[in-house]
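Reckoned from all heavy atoms, side chains included, excluding hydrogens, waters and symmetry mates.
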Amino acid sequence: MSTIPEWHLSGDWFDICSCDIPCPCEFAQAPTNNACQGLLAWHIRNGHFGPVRLDGLNLLALGAFEGNLWTGEAKATMGLFIDEKADQPQRDALQIIFSGQAGGWPASFAATIGELRGIELVPITFEVADDLGFWRAEIPGRVVGRAEALTGPTTPPGQRVQTINPPGSEVGPGQVATWGRSVEAQTEGFGFQWTGESRSSKHIPFDWSGPASA
């Protein structure tokens, strides 16, 4: 595909990582103990790549890095899972977008990845509560990530702990991060194996377009 068509993706993203709450990376700082590992999950509510519709598809990545990713000090090592529901044109489109070849914000994020260990097609389930009370994603027998919205003694009932315009947002500028705490996290794939409870998690909506730069 020599010419990149007009494309757009919007939906939900969350991560669960090994950092203390709140994850310093979201504030463009080095991670807790200078090392981070965990999972990242995307659900596309609405999307297209030229005429190829991408609505309802999921992706999940496992990754790790040491140092501050935002200053160029660190490069991440990652592996990517793509929803097995995607047909061949959809798989091709997602790989082009998430590899950064189609421009937009994913190109900026791809520049932080030093090694991609592989891409696999797997069944992925993704759920996020309408009130952002919880979010979860699972690859049966391989990965499970569940988190609940962070709360505390001074959090108003039914309200969420949020950061507006976080300086280290993995999905790009101008969004709102809702903080959570992991209930369960288990990852196995691409040489990564990690478990974590009561670790940092955050949900952020994403809205990307290309091929022009975001």
Hey, quick one: are [X] and [Y] part of the same hydrophobic cluster, counting side-chain heavy atoms closer than 4.5 Å, chains of contacts allowed?
| X | Y | result |
| --- | --- | --- |
| Leu40 | Leu57 | yes |
| Ile21 | Phe14 | no |
| Val122 | Ile44 | no |
| Leu80 | Ile139 | no |
| Phe134 | Phe126 | no |

Sorted by chain and residue number, the ring pair (Phe, Tyr, Trp, His ring centres under 6.0 Å) partners of Phe190 (sequence neighbours excluded) come out as Phe81
Taking all atoms of both residues into account, what is the closest heavy-atom pair of [X] and [Y], and its distance?
| X | Y | answer |
| --- | --- | --- |
| Pro106 | Ile97 | CB-O, 3.2 Å |
| Ala35 | Ser18 | O-OG, 3.9 Å |
| Cys36 | Cys19 | SG-SG, 4.0 Å |
| Ala177 | Glu26 | CB-OE2, 4.2 Å |
| Ala86 | Arg91 | O-NE, 2.8 Å |
| Ala102 | Phe49 | CB-CE1, 4.1 Å |

Atom CG of Asn33: over 12 foreign heavy atoms under 6.0 Å: no
Can any side-chain N or O of Ser182 pair as donor or acceptor with the backbone N or O of Ser198 at less than 3.5 Å? yes
Residue pair [X] / [Y], side-chain heavy-atom distance below 4.5 Å:
| X | Y | answer |
| --- | --- | --- |
| Trp194 | Val143 | no |
| Ser10 | Trp208 | no |
| His48 | Asp55 | no |
| Cys25 | Leu69 | no |
| Asp12 | His203 | yes |
| Leu39 | Phe192 | no |

Is any side-chain N of the basic residue among Glu115 and Arg117 closer than 4.0 Å to the acidic one's carboxylate O?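 Yes, Glu115 and Arg117 are salt-bridged.
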For Phe98, the option from Trp42, Trp7, Phe206, Phe109 that meets ring-ring contact (aromatic ring centres under 6.0 Å, His included): Trp42
Rounded to the nearest 0.5 Å, how far does [atom2] of [Y] lie from [atom1] of [X]?
| X | Y | atom1 | atom2 | value |
| --- | --- | --- | --- | --- |
| Ser200 | Leu150 | OG | CG | 8.5 Å |
| Arg199 | Glu184 | CZ | CD | 15.5 Å |
| Met78 | Ile119 | CE | CD1 | 12.0 Å |
| Asp87 | Arg53 | CG | CZ | 13.0 Å |

Tell me yes or no: between the side chains of Gln90 and Gln88, is some donor less than 3.5 Å from an acceptor?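 Short answer, no.
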Give every donor-acceptor pair under 3.5 Å between a side-chain atom in residues 58-65 and any protein atom, sequence neighbours left out.
from: Asn58; atom 1: OD1; to: His43; atom 2: ND1; distance (Å): 2.7
from: Asn58; atom 1: ND2; to: Asp83; atom 2: OD2; distance (Å): 3.3
from: Asn58; atom 1: ND2; to: Ile124; atom 2: O; distance (Å): 3.1

Would you check, one step at a time, whether the test side chain to side chain contact (heavy atoms under 4.5 Å, CB included) holds for Thr187 with Gln193? CA-CA 5 Å; Thr187 68; Gln193 193 167 24; 5.5 Å; no
Of all pairs that satisfy side-chain hydrogen bond (donor to acceptor under 3.5 Å, both in side chains), the ones with a partner from residues 64-76, not counting sequence neighbours: none
Scan for side-chain hydrogen bond (donor to acceptor under 3.5 Å, both in side chains) pairs involving residues 132-145, sequence neighbours excluded, and state none if there are none. Glu120-Arg142, Trp135-Ser201, Arg136-Glu138
Donor-acceptor pairs are to be reported for all side-chain atoms of residues 155-170 against protein atoms at under 3.5 Å, with residues two or more places apart or in another chain.
from: Thr155; atom 1: OG1; to: Gly152; atom 2: N; distance (Å): 3.1
from: Arg160; atom 1: NE; to: Asp131; atom 2: O; distance (Å): 2.8
from: Arg160; atom 1: NE; to: Leu132; atom 2: O; distance (Å): 3.3
from: Arg160; atom 1: NH2; to: Asp131; atom 2: O; distance (Å): 3.3
from: Arg160; atom 1: NH2; to: Asp131; atom 2: OD2; distance (Å): 3.4
from: Gln162; atom 1: NE2; to: Thr178; atom 2: OG1; distance (Å): 2.9
from: Thr163; atom 1: OG1; to: Trp179; atom 2: NE1; distance (Å): 2.8
from: Ser169; atom 1: OG; to: Val171; atom 2: N; distance (Å): 3.3
from: Ser169; atom 1: OG; to: Gly172; atom 2: O; distance (Å): 3.0
from: Glu170; atom 1: OE2; to: Lys202; atom 2: NZ; distance (Å): 3.3

Checking side-chain hydrogen bond (donor to acceptor under 3.5 Å, both in side chains) for the pair Glu188/Gln186: CA distance, chi angles, key distance, verdict? CA-CA 7 Å; Glu188 185 173 340; Gln186 298 181 26; over 6 Å; no
Only counting residues at least two apart or in another chain, list the ones meeting salt bridge (charged side-chain N to carboxylate O under 4.0 Å, His left out) with Asp207.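 Scan of Asp207 (salt bridge (charged side-chain N to carboxylate O under 4.0 Å, His left out), adjacent residues dropped) gives none.
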